[in-house]
2 protein chains.
Amino acid sequence: MTSCGGVFTVFTMSDQREKILSCACELYLNDGLDGFSMRKLARSVGVTAPALYRHYESKEHVLIDVVREAYREFTGFLYRALEGRTPEERLAKAGDGYIEFGLRHPRWYRIVFTAADRLGLDELPADVEAQGCAIHQFWVDRLRECMDAGLLRRGDPAAIGMTIWAHSHGLITLYHNGHFQTDEEGFCSLCDASWQRLLEGVATDEYIGDLKRRDFASVTAGST
Amino acid sequence: MTSCGGVFTVFTMSDQREKILSCACELYLNDGLDGFSMRKLARSVGVTAPALYRHYESKEHVLIDVVREAYREFTGFLYRALEGRTPEERLAKAGDGYIEFGLRHPRWYRIVFTAADRLGLDELPADVEAQGCAIHQFWVDRLRECMDAGLLRRGDPAAIGMTIWAHSHGLITLYHNGHFQTDEEGFCSLCDASWQRLLEGVATDEYIGDLKRRDFASVTAGST
DNA sequence: GTCTATAATCCGATAGAC
DNA sequence: GTCTATCGGATTATAGAC
């Protein structure tokens, strides 16, 4: 919460700016994006609204700092997975961390995966964008080492990552929107079962064989 | 747009109410949920705001009718799949329709899959909820017949449906939020490739065998 | 059925006193 | 660095004339 690391500089906030940011995070987590206003923020800080503008240029700049905190929280959940001792364990922990983050902090989850322009932001600062790239690289690392270990089929880690990401993201957002009639515990076992299906595939071996034969036939036909 | 079917009654709107609803849909599709206000709506209809309240009790009631139109549009895309002549074709068409709906009508998609309370609605009327159930049943039908035809592994169609749904929903929402660096055409082929991975599974056969052996071992150990 | 006028609330942001 | 006062705008919704 205190510092914002760049390549060559580390900037430290004033105490008051830090207090405002802390209240802003709390306000966002309680009231969501719609309920987030400078007036409410001022009230929770214990000052009047204009005072905030001594520390932040605009509401947008406050929100940017909140987004940065969201990323920080997210990576905290993810990077714990590096403590795993095998590729399999690290991938499992990463997946668990992702789901757990989505469950424990729905509003952090939302703000991390919502496009900047839909947050009313022109663009995210470079250091936050960089966090996004780091997360992407983290997943590529997890998948590649599982391929090397013979756990996952070979292929482009980024492409396979999209499939796994879409699956997890879909599960969490559908759960958040109340589309699964179950509590958190039920949702977790639902996730496990669904992950198992993604590992094994949902089609029968016969059908897969069928598809491959058809694909082969169409390729040979097309090459004449 | 004209009628709202219930079990025993069909209610027909007045012309003016119908015109308001039509403008409301257009307004929502253009400006989204945040940009949707009674004043703007009145402007686009060509009257002043208070006039709307002769036809609709509140903004919430207008929005409910908009949501009903969204469902109608969605089912239109889905149910075309019934024209397919085999279970495989019907499932493929249903999946294509789902993705196409998400691509062509992002705002309709959003409103259909957003929880009612996050739209500012207390609850959806019974006939809209019923549409949701019908859609669920539609998917169960598609999956069950593919199991019977030996294309998909046997299992609970509703559970497998969740996996497939989460995957598709994740792809669409991540695309909408700009997380895939690709245009619509690239996204479609990305979807095809990802669906293929979901059919085949992402794990190697060796790893699947491994997991089954471990699972068996833990079950036998647990039963002693 | 539509209008004008208005109530009651919220918002982001600024000017200028202290 | 914080305050009061205020600008200029948005919103839902209603009262009462026509």
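In what follows, chains are A, B, ... by sequence order, proteins preceding strands, each numbered from 1.
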**Student:** Mind calculating the distance between CZ (B:R54) and P (D:dT14) to the nearest angstrom?
**Tutor:** 11 Å
**Student:** So, is A:T48 close to the D:dT2 phosphate, meaning a side-chain N or O under 4.0 Å from OP1 or OP2?
**Tutor:** no
**Student:** Output the distance between atom SG (A:C191) and atom OH (A:Y98), rounded to the nearest 0.5 Å.
**Tutor:** 11.0 Å
**Student:** Taking all non-hydrogen atoms of both residues into account, name the closest pair between A:R90 and A:R85 and its distance.
**Tutor:** NH1-C, 3.5 Å
**Student:** Find out whether the Lys NZ or Arg CZ of B:R142 is both under 6.0 angstrom from the six-membered ring centre of B:F138 and within 45° of the ring's axis.
**Tutor:** yes
**Student:** Which whole-number value in Å describes the distance from B:R43 CZ to D:dT11 P?
**Tutor:** 7 Å
**Student:** Ion pair present between B:D65 and B:R68, side-chain N to carboxylate O less than 4.0 angstrom?
**Tutor:** yes
**Student:** Are the charged groups of A:E83 and A:R80 less than 4.0 angstrom apart, N to O?
**Tutor:** no
**Student:** Can you check the A:K40 NZ to C:dT9 C1' distance for me, whole Å?
**Tutor:** 13 Å
**Student:** Can a donor-acceptor pair be found, under 3.5 Å and without considering hydrogens, that links the side chain of B:T75 to the backbone of B:Y71?
**Tutor:** yes
**Student:** Where the side chain of B:P50 is defined as all heavy atoms beyond and including C-beta, which of D:dA15, D:dT2, C:dG12 is the nearest nucleotide?
**Tutor:** D:dA15
**Student:** In whole angstrom, give the distance that lies between atom CZ of B:F36 and atom C1' of D:dA10.
**Tutor:** 16 Å
**Student:** Kindly point out which of D:dA13, D:dT2, C:dA13 is positioned nearest to the side chain of A:M38?
**Tutor:** C:dA13
**Student:** Taking all non-hydrogen atoms of both residues into account, name the closest pair between B:M162 and A:L190 and its distance.
**Tutor:** SD-CD1, 3.3 Å
**Student:** Nearest whole Å is fine: how far is C:dT14 C1' from A:E57 CD?
**Tutor:** 14 Å
**Student:** Mind grabbing the angle between the end helix axes of the helix from C:dG1-D:dC18 to C:dC18-D:dG1? Five pairs an end, 10° rounding.
**Tutor:** 10°
**Student:** Give the nucleotide from the list C:dC3, D:dG1, D:dT11 with an atom nearest to the side chain of B:A51.
**Tutor:** C:dC3
**Student:** Specify the separation, in whole Å, of atom CE of B:M13 and atom C1' of C:dG1.
**Tutor:** 18 Å
**Student:** Of the options C:dA13, D:dT11, D:dC3, whose atoms approach the side-chain atoms of A:K59 most closely?
**Tutor:** C:dA13
**Student:** Tell me: OH of A:Y53 to C1' of D:dT2, nearest whole Å?
**Tutor:** 15 Å
**Student:** Between B:G46 and A:S58, name the one whose nearest nucleotide on DNA chain C is closer to the 5' end.
**Tutor:** B:G46
**Student:** Could you tell me the separation between the CG atom of A:L27 and the P atom of C:dG12, rounded to a whole number of Å?
**Tutor:** 10 Å
